[in-house]
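Computed from a predicted structure; not experimentally measured.
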Amino acid sequence: MARIYQAQTMGEADVRVALVNDRGQADLWVHRVSSWGLAQGDARWFITRDRYDATSWVYFCSIGMAQVLVCFVDSYGEAGWRDPEHAKRGLFLRRGFGG
């Protein structure tokens, strides 16, 4: 599951993410969910304010600095890696939690 904490500095982050509005530009389409139980894989994010509950600390930055380009989508069915063959699976599960 992807429980995301927004890091305040790039140095403390596990992943650098740039938010984009154009779905065609994104590497990963993400759907935000309202509970831990609905968070699943890399594409369904529960955003938490408690850094120690998170599976990944994310720093939002410019496209040039990002490891992954993310576009938020409105439904579960749209969420996922744009190109499954080049997916960086488990990128948001780095803190030792399964998903």
Side-chain angles (χ1 to χ4, degrees):
M1 74 189 74
R3 296 190 314 244
I4 305 299
Y5 170 76
Q6 183 177 348
Q8 299 303 307
T9 66
M10 193 179 310
E12 68 182 358
D14 300 314
V15 184
R16 295 182 314 273
V17 172
L19 298 177
V20 296
N21 291 323
D22 181 9
R23 292 175 191 228
Q25 190 177 13
D27 300 313
L28 177 63
W29 300 311
V30 170
H31 180 68
R32 286 185 61 180
V33 296
S34 59
S35 72
W36 282 20
L38 295 174
Q40 182 179 11
D42 291 330
R44 295 181 185 170
W45 289 8
F46 175 76
I47 299 178
T48 180
R49 292 177 189 228
D50 186 345
R51 67 177 62 207
Y52 301 107
D53 283 340
T55 58
S56 187
W57 294 5
V58 169
Y59 181 76
F60 293 104
C61 61
S62 67
I63 291 174
M65 299 287 291
Q67 294 168 284
V68 178
L69 304 180
V70 167
C71 180
F72 286 107
V73 294
D74 296 326
S75 71
Y76 295 113
E78 296 174 288
W81 289 97
R82 179 178 61 154
D83 184 356
E85 300 241 345
H86 294 102
K88 300 171 186 169
R89 296 189 197 290
L91 187 63
F92 299 98
L93 305 175
R94 303 256 175 168
R95 295 206 166 255
F97 297 91

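More than 12 heavy atoms of other shown residues, nucleotides or ligands fall within 6.0 angstrom of atom CE in Met10. Heavy-atom neighbours of Arg32 CZ from other residues, nucleotides or ligands within 6.0 Å: at or below the threshold of 12.
Not counting sequence neighbours, Asp74 has no partner by the side chain to side chain donor-acceptor pair (under 3.5 Å) test. A search for side chain to side chain donor-acceptor pair (under 3.5 Å) contacts involving Tyr59 returns nothing, not counting sequence neighbours.
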Return all side-chain donor-acceptor pairs below 3.5 angstrom for residues 17-29, not counting sequence neighbours, or 'none' if the list is empty.
from, atom 1, to, atom 2, distance (Å)
Asp22, OD1, Gly24, N, 3.1
Arg23, NH1, Glu78, OE2, 2.4
Arg23, NH2, Glu78, OE2, 3.2
Asp27, OD2, Leu69, N, 2.9
Trp29, NE1, Arg23, O, 3.0

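How far OH of Tyr52 is from CZ of Arg3: 14.5 Å, rounded to the nearest 0.5 Å. One finds the CD1 atom of Ile47 at 8.0 Å from the CD atom of Gln6 (value rounded to the nearest 0.5 Å). Atom CD in Gln67 sits 4.0 Å away from atom CZ in Arg16 (nearest 0.5 Å).
Contact detail for His31 and Val73: the closest heavy-atom pair is ND1-O, 3.2 Å. Summarising the geometry of Ser34 relative to Phe46, their closest heavy-atom pair is O-CE1, 3.5 Å, with the distance given to 0.1 Å. In this structure, Val15 and Ser56 approach most closely via the heavy-atom pair CG2-OG, 3.8 Å. Ala79 and Ala43 make their closest contact through CB-O, 3.5 Å (heavy atoms, listed as atom of the first residue, atom of the second, distance). Listed here is the closest heavy atom pair of Asp42 and Phe92: OD1-N, 3.5 Å. Taking each heavy atom of Thr55 and Asp14 in turn, the nearest pair found is O-OD2, 4.5 Å.
Leu38 is listed as a side-chain neighbour of Tyr76, based on a closest heavy-atom distance under 4.5 Å.
A tilted orientation is assigned to the rings of Phe60 and Trp45, their planes being inclined by 30° to 60°.
Linking Ile, Leu, Val, Met, Phe, Trp and Tyr residues whenever their side-chain heavy atoms come within less than 4.5 Å places Ile4 and Trp81 in a single cluster.
The closest donor-acceptor contact from the side chain of Trp57 to the backbone of Glu12 lies at 3.5 Å or more, if one exists at all.
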